[in-house]
Protein chains: 2
Amino acid sequence: MRIGELAERTATSPRLLRYYEEQGLIRVDRSANGYRDYDEALVDQVAHIRGLLDAGLSTRIIRQILPCLNEPSEIHFADATPDIIATLEGHRDRLAERIALLTRNHDAIAEYVGSLKQCALGVERAVPA
Amino acid sequence: MRIGELAERTATSPRLLRYYEEQGLIRVDRSANGYRDYDEALVDQVAHIRGLLDAGLSTRIIRQILPCLNEPSEIHFADATPDIIATLEGHRDRLAERIALLTRNHDAIAEYVGSLKQCALGVERAVPA
DNA sequence: TTTGACCCTCACATCCGTGTGAAGGTTCGA
DNA sequence: TCGAACCTTCACACGGATGTGAGGGTCAAA
């Protein structure tokens with residue numbers, strides 16, 4: 001499909017799709033006329049990338065961890081060098097930290113919202129101003 | 001305490017502490033000479049803010065959810081308007097989505113790294129080139 | 001054949017969190 | 001009293017993700 005359709009289907013902009021390509025996040029074919037020609041699978045991939053960006057990861061990091069996340073999950077044996085493994089372990093651990101932090105904040109907000117709703121109910125019943 | 005000390009204790013920079021103040025994230029007193037005078041509690045608060053920023057939240061959002069996160073957790077009853085509650089629920093839910101997404105990715109990376117290490121071991125044993 | 005909707009590249013602009021430096025005031029110890 | 005180390009404000013700069021516009025090509029339908 002062409003860039004306009006993919007942009008619409010992923011709720012992004014053509015500009016961003018070109019940017020992700022430039023950053024090495026997606027691979028894109030070209031038609032004879034020079035237009036970008038996107039594979040159907042890119043719809044999911046772009047959604048995935050957007051999620052990761054939205055979660056605060058940089059394109060640099062996403063580029064590094066993306067190979068692990070391909071669905072067929074074919075292991076690239078050549079990648080099993082110690083420093084690549086170390087890099088991935090680092091990303092894995094920092095992801096865990098980030099998750100823990102987000103979880104703490106999520107829980108705090110949830111608790112606060114709970115109290116607030118409780119309180120709103122109480123006010124509604126007790127102080128019918 | 002003064003800005004230098006707080007910067008050091010929170011591993012930030014004076015510049016950022018001024019910025020957080022400017023963004024309405026922290027409240028800061030002034031000494032007679034015009035110097036900022038930070039309360040002890042700011043150490044934790046700034047750490048908290050840094051965590052949220054690091055987790056990908058913007059100062060605008062942080063400003064909104066910060067009141068819920070104060071340690072004494074004194075509920076601001078006046079805040080219990082339906083739209084504020086809705087906003088908070090929105091943040092809470094989007095946080096939950098992010099956590100789910102990051103968790104999936106964390107697990108995928110962990111699994112991939114596991115396979116990679118396994119594979120590295122195998123190669124080491126099987127192909128002592 | 002022309003028009004309109006799409007695509008291309010290039011490049012400058014914006015926002016946000018952050019760094020940095022200038023120009024100057026305060027405090028404190030030598 | 002001088003200098004070092006701290007503080008102030010102001011303002012410009014930068015990198016990353018994104019918007020926008022100029023100048024131009026492609027293609028299909030009228």
Side-chain angles (χ1 to χ4, degrees), chain A residues 1-40 42-43 45-66 91 94 98 101-102 105, chain B residues 1-40 42-43 45-66 91 94 98 101-102 105:
Chain A
M1 82 196 75
R2 289 184 310 185
I3 199 169
E5 184 183 344
L6 183 59
E8 190 163 356
R9 290 177 62 185
T10 56
T12 62
S13 64
R15 173 70 173 87
L16 280 189
L17 295 176
R18 296 190 190 105
Y19 178 65
Y20 299 155
E21 177 184 358
E22 180 189 319
Q23 296 301 308
L25 267 32
I26 52 179
R27 287 185 55 83
V28 185
D29 291 340
R30 295 288 178 137
S31 310
N33 59 10
Y35 287 12
R36 289 173 177 78
D37 182 21
Y38 294 89
D39 187 274
E40 189 68 23
L42 269 298
V43 177
Q45 270 178 251
V46 168
H48 193 179
I49 290 170
R50 295 230 35 112
L52 291 170
L53 278 173
D54 211 55
L57 276 61
S58 68
T59 54
R60 204 192 92 255
I61 292 182
I62 295 176
R63 181 172 44 241
Q64 287 187 315
I65 68 178
L66 222 43
H91 288 324
R94 283 202 285 135
R98 194 177 285 258
L101 192 127
L102 288 180
N105 285 289
Chain B
M1 84 194 75
R2 291 186 308 186
I3 199 169
E5 183 183 344
L6 183 58
E8 190 163 357
R9 289 177 62 186
T10 55
T12 62
S13 65
R15 173 69 174 88
L16 280 188
L17 295 176
R18 297 191 188 104
Y19 177 66
Y20 298 156
E21 177 184 359
E22 181 190 318
Q23 295 301 308
L25 267 33
I26 53 179
R27 287 186 53 83
V28 185
D29 292 339
R30 296 288 179 139
S31 309
N33 59 11
Y35 287 11
R36 289 172 176 79
D37 182 21
Y38 294 89
D39 188 274
E40 189 68 24
L42 269 299
V43 177
Q45 272 178 251
V46 168
H48 195 178
I49 290 170
R50 297 228 34 113
L52 290 169
L53 277 173
D54 211 54
L57 276 61
S58 69
T59 55
R60 207 192 88 255
I61 293 182
I62 295 176
R63 184 171 42 241
Q64 284 188 315
I65 68 177
L66 219 45
H91 288 324
R94 281 201 286 131
R98 282 184 196 187
L101 184 121
L102 289 182
N105 284 286

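Sequence lines set the chain letters: A, B, ... in the order given, protein chains first and strands last, and positions in each chain run from 1. Quick caveat: nothing in here was measured; it's all calculated off a predicted structure.
Atom CZ of B:Arg18 is separated from atom C1' of C:dG21 by 12 Å (rounded to the nearest Å). Separating the CG atom of A:Asp54 from the P atom of D:dG16 is a distance of 19 Å, rounded to the nearest angstrom. For the pair A:Tyr38 OH and C:dC6 P, the interatomic distance rounds to 15 Å; values are reported in whole Å. Rounded to whole Å, the distance from CD on B:Glu8 to P on D:dA5 is 14 Å. Taking atom CG of residue A:Asp37 and atom P of nucleotide C:dC6, one finds them 17 Å apart after rounding to whole Å.
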task: Show the numbers, then the answer: is there a side chain to side chain contact (heavy atoms under 4.5 Å, CB included) between A:Leu25 and A:Gln45?
output: CA-CA 9 Å; A:Leu25 267 32; A:Gln45 270 178 251; over 6 Å; no

message: Pair B:Arg9, B:Glu40 - check side chain to side chain contact (heavy atoms under 4.5 Å, CB included), show working.
response: CA-CA 11 Å; B:Arg9 289 177 62 186; B:Glu40 189 68 24; 2.6 Å; yes

message: Assess the residue pair A:Arg63 and A:Arg60 against the criterion (side chain to side chain contact (heavy atoms under 4.5 Å, CB included)); give the C-alpha distance rounded to whole Å, side-chain angles, the decisive distance to 0.1 Å, and a yes or no.
response: CA-CA 5 Å; A:Arg63 181 172 44 241; A:Arg60 204 192 92 255; 3.5 Å; yes

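Dashed line: the shortest gap from a side-chain N or O of A:Arg36 to OP1 or OP2 of C:dC7 is not under 4.0 Å. Between A:Arg30 and the phosphate of C:dT9, there is a side-chain N or O to OP1/OP2 separation shorter than 4.0 Å.
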Interface polar pairs with nucleotides 14-18 of chain C, N/O, under 3.5 angstrom:
from   : atom 1 : to      : atom 2 : distance (Å)
C:dG17 : OP1    : B:Thr59 : N      : 2.8
C:dG17 : OP1    : B:Thr59 : OG1    : 3.3
C:dG17 : OP2    : B:Tyr19 : OH     : 2.3
C:dG17 : OP2    : B:Thr59 : OG1    : 3.0
C:dT18 : OP1    : B:Arg50 : NH2    : 3.3
C:dT18 : OP2    : B:Tyr20 : OH     : 2.9
C:dT18 : O4     : B:Arg15 : NH2    : 3.0

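A 4.5 Å side-chain heavy-atom check between A:Leu101 and B:Asp54 finds every atom pair outside the cut-off. No side-chain heavy atom of A:Ile62 sits under 4.5 Å from any side-chain heavy atom of A:Gln23. B:Leu66 is listed as a side-chain neighbour of B:Ile49, based on a closest heavy-atom distance under 4.5 Å.
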message: I need a per-nucleotide contact map over nucleotides 24-30 of chain D, read 5' to 3'. Cutoff is protein heavy atoms under 4.0 Å; write B for the base, S for backbone only, - otherwise.
response: -BBS---

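At distances below 3.5 Å, at least one donor-acceptor pair connects side-chain atoms of B:Asp37 with backbone N or O atoms of B:Met1.
When all heavy atoms are compared, the tightest approach of A:Thr10 to A:Arg50 is O-CD, 4.4 Å.
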